[in-house]
Amino acid sequence: MERAIIPNADTVVVLDFETTGLSPDMGDRAIEIGAVRIEQGEITGRFQALMNPGVRVSSFIEDYTGITNSMLKDAPSCGEVMHQFADFINGYNLVAHNASFDKRFLDAELGMISRGYTGQFACSMLVARRLYQNSPDHKLGTLINHANIPSEGTFHRALYDSEMTTKLWLSMLGVMHEQYAISNAPFKLLQTLAKTPKSAVRRLLERSSSNKK
DNA sequence: TGCCAGGCCCTCTTTAGGGCCTT
């Protein structure tokens, strides 16, 4: 499953944060980062690290993620981990499920250590809302089932969620490749698709489906 | 103790409101 059928897929880093809450503007911090690098449709790198946010994590977050305060007690600081992660993403384009959430935390954590990044973000959730319009909802776990992608790990851990988002991303590239034989610049393609009105994508899919009959 | 955000997108819409999705 790690090799997709896209011949000219460009390099992206798919990432996922676990955090103390929903908003860095309200003081929430990252507690884990997981990421997968895809080159030519193949996974060529992984990054995973717990980080100590300097504050206690709520019991809700401990239950939600399985990441406990004792696990974070001896973890390296957010700054130390984020320096390493800034080196890992290395200017590549970035993908996340509900990317606006992860982008806010990436911006906040890198801002605290005066680091940045030059790649652009694309959102797998916005693409999935267009390509998988019949899915019961567009949570990551639901989409994995809807796309018949095998899963046997625990959601809500950063590396596993980034691995599943990677498989979803490659699956959606596969849909575009099979339906429209489009394989050049797939990041840009799906980034553009995420901004295309859902109704327009629905008509495109219906037309493609009827042409195949 | 209990609460907090923000972007997208639909609709009973656009001078708005509310659900979804992320932790």
Side-chain angles (χ1 to χ4, degrees), chain A residues 12-36 47-69 71-72 75 78 81-82 85 94-112 120-147 149 151 153-169 171-172 190-206:
Chain A
V12 297
V13 170
V14 183
L15 64 96
D16 182 68
F17 277 105
E18 304 304 318
T19 70
T20 64
L22 293 173
S23 174
D25 290 341
M26 300 293 289
D28 289 318
R29 298 296 304 272
I31 57 173
E32 187 181 38
I33 177 71
V36 173
F47 187 101
Q48 184 275 331
L50 291 170
M51 53 189 122
N52 188 331
V55 296
R56 282 192 65 78
V57 171
S58 70
S59 57
F60 172 81
I61 293 297
E62 285 188 320
D63 292 342
Y64 188 79
T65 65
I67 299 170
T68 64
N69 284 291
M71 291 165 67
L72 297 173
C78 293
V81 170
M82 293 308 297
F85 188 62
L94 305 167
V95 172
H97 199 68
N98 197 12
S100 66
F101 174 85
D102 293 281
K103 182 178 186 301
R104 282 200 302 278
F105 278 93
L106 183 65
D107 290 349
E109 293 293 348
L110 289 183
M112 289 182 198
Q120 296 179 25
F121 259 97
C123 178
S124 58
M125 184 187 74
L126 294 182
V127 177
R129 279 179 175 170
R130 287 157 177 79
L131 285 189
Y132 296 135
Q133 298 193 21
N134 293 328
S135 179
D137 60 52
H138 297 87
K139 295 181 176 74
L140 180 58
T142 305
L143 287 164
I144 291 298
N145 287 331
H146 183 76
I149 296 169
S151 64
T154 305
F155 284 99
H156 305 308
R157 285 301 299 267
L159 183 58
Y160 188 74
D161 281 6
S162 61
E163 299 251 16
M164 290 297 102
T165 302
T166 296
K167 292 182 178 182
L168 177 65
W169 185 257
S171 170
M172 294 191 295
L190 293 196
Q191 194 186 38
T192 301
L193 190 69
K195 297 173 185 171
T196 305
K198 284 176 70 175
S199 56
V201 177
R202 188 183 306 122
R203 287 194 296 273
L204 195 66
L205 293 171
E206 288 169 353

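All chains are named by letter (A, B, ...) in the order of the sequence lines, taking the proteins before the strands, and each is independently numbered beginning at 1. Below, all heavy atoms of this structure are taken into account, side chains as well, without hydrogens, waters or symmetry copies.
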Distance check, rounded to the nearest 0.5 Å: Ile67(A) atom CD1 versus Ile31(A) atom CD1?
4.0 Å

Restricting to pairs with a member in residues 128-141 of chain A, which pass salt bridge (charged side-chain N to carboxylate O under 4.0 Å, His left out), not counting sequence neighbours?
Asp137(A)-Lys139(A)

Side-chain donor-acceptor pair under 3.5 Å between Asp28(A) and Ser23(A), yes or no?
no

Donor-acceptor pairs under 3.5 angstrom involving side-chain atoms of residues 194-204 of chain A: please list them, not counting sequence neighbours.
{"from": "Thr196(A)", "atom 1": "OG1", "to": "Thr192(A)", "atom 2": "O", "distance (Å)": "3.0"}
{"from": "Arg202(A)", "atom 1": "NE", "to": "Gln133(A)", "atom 2": "OE1", "distance (Å)": "2.9"}
{"from": "Arg202(A)", "atom 1": "NH2", "to": "Gln133(A)", "atom 2": "OE1", "distance (Å)": "3.3"}

Just to be sure I understand the rule, does Asp63(A) reach a base, reach only the sugar-phosphate, or reach nothing, if contact means heavy atoms closer than 4.0 Å?
nothing

Is the backbone N or O of Leu159(A) less than 3.5 Å from a side-chain atom of Gln48(A), with the two atoms forming a donor-acceptor pair by type?
no

If I pick the C1' atom on dT23(B) and the same atom on dG6(B), what distance separates them, to the nearest angstrom?
13 Å

If we take the C1' atom in both dG17(B) and dG2(B), what is their distance in whole Å?
25 Å

Contact class for Asp102(A) (heavy atom, under 4.0 Å): base, sugar-phosphate, or nothing?
nothing

Considering only atom P, compute the distance from dC8(B) to dC3(B) and round it to an integer number of Å.
28 Å

Nearest 0.5 Å, what's the CG-CG distance between Leu94(A) and Leu106(A)?
6.5 Å

Hey, does the side chain of Ser135(A) reach the backbone of His138(A) with a donor-acceptor pair shorter than 3.5 angstrom?
no

Contact class for Thr65(A) (heavy atom, under 4.0 Å): base, sugar-phosphate, or nothing?
sugar-phosphate

Regarding Phe105(A), tell me which of base, sugar-phosphate or nothing describes its non-hydrogen contacts under 4.0 Å with the strands shown.
nothing

What distance, rounded to whole Å, do you find between the two C1' atoms, one in dT22(B) and one in dC4(B)?
15 Å

Sugar-phosphate, base or nothing in reach of Met26(A), heavy atoms under 4.0 Å
base

Quantified in whole Å, what is the C1' atom distance between nucleotide dC9(B) and nucleotide dT14(B)?
13 Å

Scan Asp16(A) against the nucleic acid and name what it touches under 4.0 Å (heavy atoms): base, sugar-phosphate only, or nothing.
sugar-phosphate

What's the spacing between Leu168(A) CG and Asp161(A) CG if we round to 0.5 Å?
11.5 Å

Using a cut-off of strictly less than 4.0 Å between a heavy atom of the residue and any atom of DNA chain B, enumerate the qualifying residues of residues 50-59 of chain A by number.
none

Residue set satisfying side chain to side chain contact (heavy atoms under 4.5 Å, CB included) with Thr19(A), at least two apart, ordered chain then number -> Phe17(A), Phe101(A), Phe105(A)

Both Ser23(A) and Lys195(A) contact DNA chain B. Taking the nearest nucleotide for each, which residue is further toward the 5' end?
Ser23(A)

Of Leu140(A) and Lys198(A), whose nearest nucleotide on DNA chain B comes first from the 5' end?
Lys198(A)

Given the P atoms of dT15(B) and dC20(B), what is the spacing between them in whole Å?
25 Å

Rounded distance in Å between the C1' positions of dC12(B) and dG19(B):
15 Å

Chain A reaches DNA chain B, atoms under 4.0 Å from its heavy atoms, from dC4(B) to dT23(B)

Would you indicate what Ala30(A) reaches in the nucleic acid, counting non-hydrogen atoms under 4.0 angstrom: base, sugar-phosphate, or nothing?
nothing

Who passes salt bridge (Lys or Arg N to Asp or Glu O under 4.0 Å) against Glu109(A), sequence neighbours left out?
Arg29(A)

